[in-house]
Amino acid sequence: MLKPSIFKPLKPDFHSISFTAIFYKCKSMKQFKEAHTQLIINGLTHPPPSLRPIISFSAVDPSGDIDYALLLLLRTSTPPTVFLFNTTIRGFSRARRPGSLLSSVLLFVRMGVLNLAPNNFTFTFLFQGCSNCVAFDLGRQFHGMVIKNSFEMDVFVRNSIIRFYSVCGRLDDARWMFDESSELDVVSWNSLIDGCIRNGNISEALSLFSKMTERNDISWNSLLGGLVKFGCMDDAYRFFVEMPRRNMVSWVVMISGYAQNGQPKEALALFREMQTLDQEPNSAILVSVLSACSQLGALDHGRWVHCYIEKKCVRVDSILSAALIDMYAKCGSIDLAMQTFSTSRKRDVSAYTAAISGLAMNGCSEEALQLFEQMKGEGISPDGVSYIAVLCACSHAGWVEKGFHYFASMSDVHGIGLELDHYACMVDLLGRAGLLEEAEKFVASMPIKPDNVIWGALLGACRLYGNAEMGQRVGSLLVESDQNHDGRYILLSNIYAESMKGEDAEQVRKTMRRRKVNRVPGCSLIEVAGFVHEFFSGDRSHEKTEEIYLMWEEIVKEIKKFGYREETRAVVFDVEEEEKEAVIGHHSEKLAVAFGFLYTKSGSTLLIVKNIRICSDCHYAIKLVSKVFKRKIVIRDRKCFHHFEEGLCSCKDYW
DNA sequence: ATAGGGTTAG
């Protein structure tokens, strides 16, 4: 709340200098706007000195309002200073929204019209904008102007250019700027090293790093961050161990890196190490740990983090809130997710989106759309991510018309840019509904080039509906354009096999072998008593293997009484022929179920996370298990949740 | 009076 003392009393001789003082005390956009209102009410003109703080804040502060800054800048009674232009350009450069770079450029042009000469600050900010937008041609023109105006020896300008060329993929130009420099500082080195990593030249980055004479904490963290972004977690960890001092950022980079690079177990292990060193995690680390829990379906771990947050009174911002909701939802506990959502105090678009997508993936499409409408009713604008959740809800429920309605409203009503992910949802929607021709036409009509994900969605639908003709057409293209993706070959080969084209199926498998594409092995995770256990297909490495296999035999014996017969359709390409028989019965989720039966309280719900899609045999078997043994079983596969209960599945056998 | 390189979510 605004403190009245800032504004009162208003004296009759109040003049603009006093307002400058007031502006300097303001700490939020709201305060600034109220003070500005007072200034206008008092009939004062807009002399630039009064507006400086408000323009700076509006343009640069994360909670600012860049449009407000622009409005004021263009309305000052006397021409604005270079400083004000610089600040506003800086604001647009970091705004990262459509058209913001153009605004920076227009302001730059406007400066010229007003005969204001740009300075070194101006160019530094312009290059930031060009880097953020990867605007190579524009940046090169600014580089020309820098040379003409003799700013190229300014180390700040120079470093911003090094960074600019690096992100544009012009490592040679970046290197040239670096080598030609008479004055280099630690930032120049960090920027070039980051550029090398960005452009895939890890060895050059490491060699430069070893040549650095001055290395502060940021240099180390910068190197770690670059390696992590490039997926080189082993290298990153080596430096993490080696570095002289680790600060909070180092831990964040490593733990979030593991979480983002699909190594959630390593993320949790490092988090534990951090705790044994009595280091307090910050909220960024907790977010990453929650993300790791989501990936593993590690509900106990996730709950522990939630308790920790409450015990330590960690401030729950919108990111942390979304991460908590997402964790519960991805661990199959949609009730806890919704409870967390409804008790969270700040519900912004990300918290809503997490809840909507949680409902959607757990098969509660109706509730998901209701919540979406509620969000809009509260005046919160959806963004591109919220729409992915909405379209996903429609897709799972088979609501084609609704899906198209929302799809159209994205750009029409909310002005949100349509991205590949949204198109992929629509292809999935049509494909799942069996409208394959329409799906193919939809792809053909896309204004952006469809990527492999789009074609993959179409191919999946072909398999589901047994459309061999389209499946072969799409699949043959896909195994060429996405050569390293094992799933494409498997789908195509199965499509051939199912339409009695055994030779073609074999041909696809040969191609796959020739290209040395490895199959990602099916793997299921189950958390029992705080430990995550991992099972592969036909796995015999677990210390309780004998018991587990015996238990599964027992289970099979029982469900056979209720009509279970092993099915083979889905496993045509699962294993080499001779192994097939042995492995069908032992897909990883079955082993996980057996393990769960052995080591959890009877009657408790089992949660299993699988890395690939569940096959129809396992699906059928587990439905029966849920009925015969009166046990709720939740399996999260690559695509959606399966809540098995009383012999039925929440996916309605449609996945 | 302004600058640059390192961190989290849906």
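One can place CG of Asp326(A) at 16 Å from P of dT8(B), the figure rounded to the nearest angstrom. Atoms CG (Leu227(A)) and P (dT7(B)) sit 12 Å apart, rounded to a whole Å. Counting to the nearest Å, the C1' atom of dT7(B) and the CG atom of Asn282(A) are 8 Å from each other.
Checking Asn119(A) against Asn149(A) by side-chain atom types alone, no donor-acceptor pair falls below 3.5 Å.
Looking at residues two or more places apart in sequence or on another chain, you find a ring pair (Phe, Tyr, Trp, His ring centres under 6.0 Å) between Tyr68(A) and His36(A). Applying the ring pair (Phe, Tyr, Trp, His ring centres under 6.0 Å) rule to Tyr237(A) yields no partners; only residues at least two apart in sequence or on another chain are considered. With sequence neighbours excluded, no residue forms a salt bridge (Lys or Arg N to Asp or Glu O under 4.0 Å) with Arg215(A).
Ring-plane geometry between Phe209(A) and Trp220(A) is classed as perpendicular, the angle between the planes exceeding 60 degrees on a 0 to 90 degree scale with a lower cut at 30.
Put simply, the side chain of Asp326(A) never gets that close to the backbone of Ala322(A): no donor and acceptor are under 3.5 Å apart.
Less than 4.0 Å separates DNA chain B from at least one heavy atom of each of the following residues of residues 376-394 of chain A: Asp383(A), Val385(A).
The list of side-chain hydrogen bond (donor to acceptor under 3.5 Å, both in side chains) pairs with a residue in residues 164-174 of chain A, not counting sequence neighbours, reads His143(A)-Tyr165(A).
When the side-chain nitrogen and oxygen atoms of Gln260(A) are compared with OP1 and OP2 of dT7(B), none of them lie within a distance under 4.0 Å.
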How does each nucleotide of nucleotides 1-6 of chain B score, in 5' to 3' order, for protein heavy atoms under 4.0 Å: base (B), sugar-phosphate only (S), or none (-)? BBBBBB
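Looking at Ile66(A) and Leu70(A), their side chains never come closer than 4.5 Å, going by heavy atoms from C-beta outward.
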